Amino acid sequence: MFDLNTIAEFSRNNCIEICSFLVPANLLSTSLTIGLSALRRPSVQVWQSAAFASFWALVMVFHVYTWFMVGVVMLPTFVLMWLAVTCWICNLGAILFSRSHSPLPDS
């Protein structure tokens, strides 16, 4: 059976290792998405990069939520949540930018 308590305990017990991976993963993958959008790459590439980057943001939200579940409300939890939400919003913005600035197909 799938036990969420075990996963939450693992997340809290290995917080330093998880955060030391997730913070750079969020920043690098979101930067890649923004770069692809700024270089006006095809929308498919921007969508794929944004999906990849949004996955790391979602993992970060779930990781922070495991701390909220046990009542840990401190500055690092809010900073990490802010980072995840900001990365997600940047990915969404890159998708919208690429859609609005993509060349129209010839009819």
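Computed from a predicted structure; not experimentally measured.
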Cluster link [X] to [Y], ILVMFWY, side chain under 4.5 Å:
| X | Y | result |
| --- | --- | --- |
| Ile34 | Leu39 | no |
| Val23 | Phe62 | no |
| Trp47 | Phe97 | no |

Taking all non-hydrogen atoms of both residues, which atom of Ala94 and which atom of Ser37 are closest, and how far apart?
O-OG, 3.2 Å

Minimal non-hydrogen separation, Val72 against Phe68, with atom names:
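The pair with the smallest heavy-atom distance is O-CD2, 3.5 Å.
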
Whether over 12 other heavy atoms sit under 6.0 Å from Phe10 CZ:
no

Tell me, do [X] and [Y] make a side-chain contact under 4.5 Å, heavy atoms counted?
| X | Y | result |
| --- | --- | --- |
| His63 | Cys15 | yes |
| Cys90 | Thr33 | no |
| Val70 | Trp67 | yes |

How long is the gap from [atom1] on [X] to [atom2] on [Y], to the nearest 0.5 Å?
| X | Y | atom1 | atom2 | value |
| --- | --- | --- | --- | --- |
| Leu4 | Met69 | CG | CE | 8.0 Å |
| Thr66 | Asn5 | OG1 | CG | 11.0 Å |
| Leu83 | Phe78 | CG | CZ | 15.0 Å |
| Ser43 | Gln48 | OG | CD | 11.0 Å |
| Thr30 | Ile89 | OG1 | CD1 | 11.0 Å |

Side chain Ser31, main chain Leu27, donor-acceptor under 3.5 Å
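Looks like yes, one N/O pair under 3.5 Å.
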
Passing candidate, side-chain contact (heavy atoms from CB on, under 4.5 Å) with Ser49, options Val44, Leu32, Ile95:
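Of the listed residues Val44, Leu32, Ile95, the side-chain contact (heavy atoms from CB on, under 4.5 Å) partner of Ser49 is Leu32.
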
With a cut-off of 3.5 Å and sequence neighbours excluded, list every side-chain donor-acceptor pair involving residues 52-60.
| residue | atom | partner | partner atom | Å |
| --- | --- | --- | --- | --- |
| Ser54 | OG | Ala50 | O | 2.8 |

Quick one: list whatever passes salt bridge (charged side-chain N to carboxylate O under 4.0 Å, His left out) with Arg12, sequence neighbours left out.
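Here the qualifying residues are Glu9.
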
